[in-house]
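Here is the structure we will look at, set down as C-alpha cells.
Note that the coordinates shown come from a computational prediction; the quantities given were computed from them, not determined experimentally.
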Amino acid sequence: MHTPARFLDLHILQPVTPANLNRDENQEPKTILVGNAIRAMVSSQSWKRQNRLGVERDLDEPAARTRLVPVIVADRLRDAGWPDDLATFTSAQIVLSAKDKGLKHNANEQYRTQAMLYLPKDAVDHLVTLCETHRPDLEEALAEHTASTKKKTPTPVLPVKAINAQLTRRTASISLFGRMLAELPNGHVEAAVQMAPAFTVHPSDPQPDFFTTVEDWPQPDDPGSAHLQTAYLTGGLFYRYSTVNITELKRNHTDGTSTLEELIELYVWHFIMSMPRAKATSTAPHTIPDLVHYVVRDSRPISYGAAFEQPVKAAPQGGYTRPARAALADYATTIDRLVGTRRRIAHGHTSFDKPLDMLGTHHESFEDLAAACAAAALAPTPTR
C-alpha cells in the first residue's frame, strides 16, 4: 500500500526595519522583480545558514562545510610532534584512502578536496586518532614512496571503511539540510528542508544612506571627515516560506542524539526566530514575525507566495501588515477550496493580532506553535 509523503509547511509574515540583510556583488541589498514590482529579497541560503547554525548550537552537534579536512589533520599531527614530511604524506592518505582511486583533490594545495565536504566537526578528532593508530604503517609507506622513483601518487594505506565512515557521518543539521557528496554515494543525503527566498509583499527599492566617519584627531587643515560612503538599506514586510519533508527526515535521521520530535520543534523555532547577520552592527534589525502559519499535509507542499504576486497596498493609515495578513488568510481559504482538506492533517497559527479562524488553531506563543508542529507532523494519518 502506498503511503503518501508528509510535509510541514511554514508561512511567515515578518516586518524588517531598515537593513541590508543580504548583499549583492555591489554590497547593496538584493532585490527581485515579482509581479512587475521591485521587491527586497533575502536569498534562501542566507536565512538557511542561520537556521542551521542555531540547530547545531542548541543540540551541541556542530558540523563544518570545508575542503580543508586533509590540511587540518596534517596541522594537528604537526602540533603533536609529527615530522612535516610524515604529516603531509598522511594528509594525502586521507583523500587517497577514502575510496577506490581516492577523492578528487589538489596535491599542490596540501591535498585539499575539490568538493566541499559537510561533516561533524569531531570527525577530524577521529581521523587524527585513526592516523596515530596507523602511524607505523604510514611511516613504512612514506619510506617506500620516497625510495621509489616511479610512483608519483602514494599507495593508500589507511582503512577505507574507517575513513569513509567519518566523512559520511551525519548530524541533525545534515539530516535536515542534506549533503551533496557525489564522490561518496553513501554520503549523499537528500535534503528534508526546502526554503524559498524571502521577499517583501510590496514594492521596496534600496534607499541611500550617506554617512561620514569623523577624524577624532584632526590636523589643523583637515576637513574633519576621514571616510565618506553611501550605504544602501531596504526594509518592509517579508513573506518567508519553508517546507519540511517529514518522510525524508525520518529516513535521514539515523545519527545524532535528538528525537525526531525534538528536531522538528527545534527547526520550527529557529525558522521563526533566526535572522541573517549582515550589517547587523549598523542596523540591528532584530524583529520577530507578525504572523506564523503552519499546515501539515500528506501528498505535497503548497507555498502561499503567489498570494503576493500582486503587491499589497498599504492600509489607509499606513503599514502593510494588516492588508498582508488578510491577503494570506484569503489565499489559504482559496487553497482549501481548490485542493480540499482531505489531505490536511493539521493547521494553526500565532499572530500579534486577533486569531484568524481560517488559519486553524490559534497558539499563544511561538514555543506552543513549534511543539504543535512537531506533534502534528508525526501524528498518524487519520482514517477517512
M195 vs T243, side chain to side chain contact (heavy atoms under 4.5 Å, CB included): CA-CA, chis, key distance, verdict: CA-CA 6 Å; M195 190 180 298; T243 187; over 6 Å; no
From CA spacing to verdict: side chain to side chain contact (heavy atoms under 4.5 Å, CB included), R343, R300: CA-CA 9 Å; R343 295 177 177 84; R300 58 154 287 180; over 6 Å; no
Take D58 and H270 through the test side-chain hydrogen bond (donor to acceptor under 3.5 Å, both in side chains) and record every step on the way to the result. CA-CA 10 Å; D58 284 4; H270 282 289; 2.8 Å; yes
Walk me through whether R112 and E109 qualify under salt bridge (Lys or Arg N to Asp or Glu O under 4.0 Å). CA-CA 6 Å; R112 67 180 63 197; E109 295 184 356; 3.3 Å; yes
Start with the C-alpha gap between T350 and L291, add the side-chain angles, then the distance that decides, and say whether side chain to side chain contact (heavy atoms under 4.5 Å, CB included) holds. CA-CA 6 Å; T350 299; L291 171 68; over 6 Å; no
From CA spacing to verdict: side chain to side chain contact (heavy atoms under 4.5 Å, CB included), V95, K104: CA-CA 8 Å; V95 292; K104 294 179 182 178; over 6 Å; no
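The environment of D79 atom CG is dense: over 12 non-hydrogen atoms of other residues, nucleotides or ligands sit within 6.0 angstrom. Remark: E364 CD is loosely packed, at most 12 non-hydrogen atoms of other residues, nucleotides or ligands lying under 6.0 Å away. Atom CD of E132 sits in a crowded spot, with more than 12 heavy atoms from other residues, nucleotides or ligands closer than 6.0 Å.
Looking only at atom types and distance, the side chain of T333 has no donor-acceptor partner in the side chain of D330 under 3.5 Å away. Using a 3.5 Å distance cut-off with no hydrogens or angles, the side chains of D290 and T321 do not pair a donor with an acceptor. A side-chain donor from one of R78 and T88 sits under 3.5 Å from a side-chain acceptor of the other. Defined by atom type and a distance below 3.5 Å, a donor-acceptor pair is missing between the side-chain atoms of Q194 and S242. For the residue pair Q50/R277, the side-chain donor-acceptor check at 3.5 Å is not satisfied.
Interatomic distance, T146 OG1 to D85 CG, rounded to the nearest 0.5 Å: 7.0 Å. Separating the CZ atom in R325 from the CG atom in L237 is a distance of 9.0 Å, to the nearest 0.5 Å. Here the CZ-OG distance, from R342 to S299, works out to 8.5 Å after rounding to the nearest 0.5 Å. Note that CZ of F211 and OG1 of T230 are 8.0 Å apart. Values are rounded to the nearest 0.5 Å. Note that the NZ atom of K250 and the CD1 atom of I246 stand 8.0 Å from one another [nearest 0.5 Å]. To the nearest 0.5 Å, atoms NE2 (H105) and OG1 (T153) are separated by 6.5 Å.
Taken together through direct or relayed side-chain contacts under 4.5 Å among Ile, Leu, Val, Met, Phe, Trp and Tyr, Y241 and L21 form parts of separate hydrophobic clusters. With hydrophobic clusters built from ILVMFWY side chains whose heavy atoms lie under 4.5 angstrom apart, I174 does not share a cluster with V55. With hydrophobic clusters built from ILVMFWY side chains whose heavy atoms lie under 4.5 angstrom apart, F7 does not share a cluster with V189. Under the 4.5 Å side-chain heavy-atom criterion for Ile, Leu, Val, Met, Phe, Trp and Tyr, Y111 and L130 are members of the same hydrophobic cluster. Residues L328 and L10 are members of separate hydrophobic clusters, defined by side-chain heavy-atom contacts under 4.5 angstrom among Ile, Leu, Val, Met, Phe, Trp and Tyr.
With contacts defined as side-chain heavy-atom distances shorter than 4.5 Å, the pair T168/R179 qualifies. When side chains are defined from C-beta on, L8 counts as touching V268, because their heavy atoms get closer than 4.5 Å. When side chains are defined from C-beta on, L233 counts as touching T283, because their heavy atoms get closer than 4.5 Å. Proximity of V71 to S91: side-chain heavy atoms (C-beta onward) are nowhere separated by under 4.5 Å. Between L184 and L167, the closest side-chain pair of non-hydrogen atoms falls below 4.5 Å. With a 4.5 Å cut-off on side-chain heavy atoms, S274 and N51 count as touching. Looking only at side-chain heavy atoms (C-beta outward), I288 and F366 come within less than 4.5 Å of each other. Between R49 and P276, every side-chain heavy-atom pair lies at or beyond the 4.5 Å cut-off.
Remark: the backbone N or O of P15 is paired with a side-chain donor or acceptor of T287 at under 3.5 angstrom. Side-chain atoms of R170 come within 3.5 Å of backbone atoms of N252 as a donor-acceptor pair (strictly under, hydrogens ignored). Of the possible donor and acceptor atoms, none in the side chain of N22 sits under 3.5 Å from a partner among the backbone N and O of P29. Checked by atom type and distance alone, the side chain of H253 pairs as donor or acceptor with a backbone atom of S258 at under 3.5 Å. For the pair H286 (side chain) and A284 (backbone), a donor-acceptor distance under 3.5 Å is absent. E183 places no side-chain N or O within 3.5 Å of a backbone atom of Q114 that could act as its donor or acceptor partner. For R65 (side chain) and Y118 (main-chain N/O), no donor-acceptor pair under 3.5 Å exists by modelled atom type. A donor-acceptor contact shorter than 3.5 Å links the side chain of D24 to the backbone of N26. With hydrogens and angles ignored, the 3.5 Å screen pairs a side-chain donor or acceptor of R39 with a backbone N or O of T200. Side-chain atoms of D9 do not come within 3.5 Å of backbone N or O of S303 as any donor-acceptor pair.
The aromatic rings of Y331 and Y304 lie perpendicular to each other, with more than 60° between the two planes, well past the 30° mark. Using the six-membered ring where Trp is involved, H347 and H293 have ring planes that are perpendicular, over 60° apart on the 30 and 60° scheme. F308 and F199 have perpendicular rings, their planes meeting at more than 60° on a 0 to 90° scale where under 30° would count as parallel.
Taking A372 as the reference, Y294, H363 meet the side chain to side chain contact (heavy atoms under 4.5 Å, CB included) condition, with sequence neighbours excluded.
The heavy-atom pair separating D353 from R322 by the smallest distance is OD2-NH1, 2.9 Å. Smallest separation of non-hydrogen atoms from L249 and S175: CD1-O, 3.7 Å. The two residues G235 and S204 have their closest heavy-atom pair at O-OG, 2.8 Å. Between E56 and S173, the closest heavy-atom pair is OE2-OG, 2.7 Å. Here the closest non-hydrogen pair linking V312 and A324 is CG1-N, 4.0 Å. The minimum heavy-atom distance linking V157 with Q93 is given by the pair N-OE1, 2.8 Å.
A salt bridge links D298 with R6: the distance from a Lys NZ or Arg NE/NH1/NH2 to an Asp or Glu carboxylate oxygen falls below 4.0 Å. Here R344 pairs with D336 in a salt bridge; the nearest charged N to carboxylate O distance falls below 4.0 Å. Comment: R251 engages E248 in a salt bridge, judged by a side-chain N to carboxylate O separation of less than 4.0 angstrom.
Relative to the six-membered ring of F271, R240 meets both conditions, a distance below 6.0 Å and an angle of at most 45° to the axis.
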